[in-house]
Amino acid sequence: MPGIDILVSQGGQGGVENVVNRTAVYLQEHGWRVRILQFADTGYHWTDHRLEWHSFWTHDKKIEFDPIIEEIKDFYRGSGTPDIVLATTWPLLNTVAAIIRGEIGASYKIGSWMHAALKKYDDYGWGGARELSAADFHLAINREIETEIRADIPDAVIYAVNNPIEMERICFSDKRDPKQFAVVCRLDPLKNVIQVVKAMERLDGDARLHVVGTGDEYGNILAYIEENGLTDRVMMHGWKDDPWELLKNVGTLVSASEEETGPLVAVEALLCGMP
């Protein structure tokens, strides 16, 4: 049975995790042995119950690369190495996988699988083109990422792959309210959800905004809503496994994210009939 390890940076509740889960289950159902290896734990087990999952660093400790590399090396010595390692999402993880491969004498291929622009990772200190070049091949989820990789690594082997749409969850409605808006995303500063909330203040009093998701910015967004008297106009729904059922009468999906060229959630919304 061929083996593939998906080496993820950190896991939580968001689009990347959904994509990794669906891809891993698909591969497993088609005869691959799939393991999810989480570089840094977040204190949350997000993987599908059918998948083998391991994490290597306590979630409340500052990330230190050398000891984590040693932990993964020990894991591979005891459990065997795969045929392929997919480094998701930090470019740095490609270098980590290459270091481990060299130090234990493994022969697996390394594939990068970024879910944002390379510059974004580089800006946050999670690796750039140098670290990405450690990969043997690259999965590009859109044309912009493919172009960016090609510009920095001209001889790169790149495969364009589209993230899977969850067609079975699509919810159609012919009663959409043009005065209801929605944001569906992980709540962190890059998503600019507070900017959307501020935009709501400029609309007439009948407009409503539904915010679906969780993350580090949840408390800040909620505080802004309460401080500015918007609790009857902005609804915070938290995480929902199936947001489209909740939002089936909402008129428009809004995205103010800095880091996405074609958000998967936007494609899902369009398939629901939501502009």
Exercise. Might you work through the side chain to side chain contact (heavy atoms under 4.5 Å, CB included) test for L51 and V25, ending with a clear yes or no?
Key: CA-CA 7 Å; L51 300 171; V25 169; 4.1 Å; yes
So does [X] have more than 12 non-hydrogen atoms from other groups sitting under 6.0 Å from [atom1]?
X	atom1	answer
K73	NZ	yes
F172	CZ	yes
F137	CZ	yes
R150	CZ	yes

Separation between [atom1] of [X] and [atom2] of [Y], rounded to the nearest 0.5 Å:
X	Y	atom1	atom2	value
L139	N162	CG	CG	11.5 Å
T23	I6	OG1	CD1	6.5 Å
I68	L37	CD1	CG	12.5 Å
I99	N94	CD1	CG	11.0 Å
H54	E71	NE2	CD	13.0 Å
E245	C272	CD	SG	10.0 Å

Original post:
Do we see a donor-acceptor contact under 3.5 Å between the side chains of D5 and Y108?
Top reply: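 No, Y108 and D5 have no side-chain donor paired with an acceptor closer than 3.5 Å.
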Determine whether [X] and [Y] make a side-chain contact, defined as any pair of heavy atoms from C-beta on separated by less than 4.5 Å.
X	Y	result
L230	M200	no
I36	W46	yes
N21	T47	yes
F65	F39	yes
V183	F181	no
L209	R233	no
K240	L247	no
S112	E131	no

Do you reckon [X] sits in the same ILVMFWY cluster as [Y], going by side-chain contacts under 4.5 Å, direct or chained?
X	Y	result
W244	V254	no
W239	M235	no
V211	V265	no
M114	Y159	yes
V85	W90	yes

Charged N to carboxylate O below 4.0 Å: is that the case for [X] and [Y]?
X	Y	value
E258	K120	yes
K191	E217	no
E146	R143	yes

Atom of [X], atom of [Y] and distance for their closest heavy-atom approach:
X	Y	answer
A106	T81	CB-CG2, 4.0 Å
N192	A256	ND2-O, 3.0 Å
L93	L7	CD1-O, 3.6 Å
P243	V212	CB-CG1, 4.0 Å
A129	D152	CB-CB, 3.6 Å
M1	G31	CG-O, 3.1 Å

ask   = How far apart are the C-alpha atoms of K179 and D204, what are their side-chain angles, what is the distance that settles it, and do they pass the side chain to side chain contact (heavy atoms under 4.5 Å, CB included) test?
value = CA-CA 9 Å; K179 292 189 176 182; D204 66 54; 3.9 Å; yes
| query | Do H115 and W113 make the cut of ring centroids closer than 6.0 angstrom? | reply |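 For H115 and W113, the ring centres are under 6.0 Å apart.
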Can a donor-acceptor pair be found, under 3.5 Å and without considering hydrogens, that links the side chain of [X] to the backbone of [Y]?
X	Y	answer
E148	K119	yes
N228	Y224	yes
Y121	A116	yes
D177	G251	no
R186	D216	no

- Message: side chain to side chain contact (heavy atoms under 4.5 Å, CB included), that's the test. Do Q28 and D48 meet it? Break it down for me.
- Response: CA-CA 12 Å; Q28 187 167 273; D48 189 285; over 6 Å; no
Q: Quick one: sort the W53 and H45 rings into parallel, tilted or perpendicular, breaks at 30° and 60°.
A: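 Parallel, since the angle between the ring planes stays under 30°.
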Show your working on side chain to side chain contact (heavy atoms under 4.5 Å, CB included) between R35 and S79 and close with a plain yes or no. CA-CA 11 Å; R35 300 182 296 198; S79 302; 3.6 Å; yes
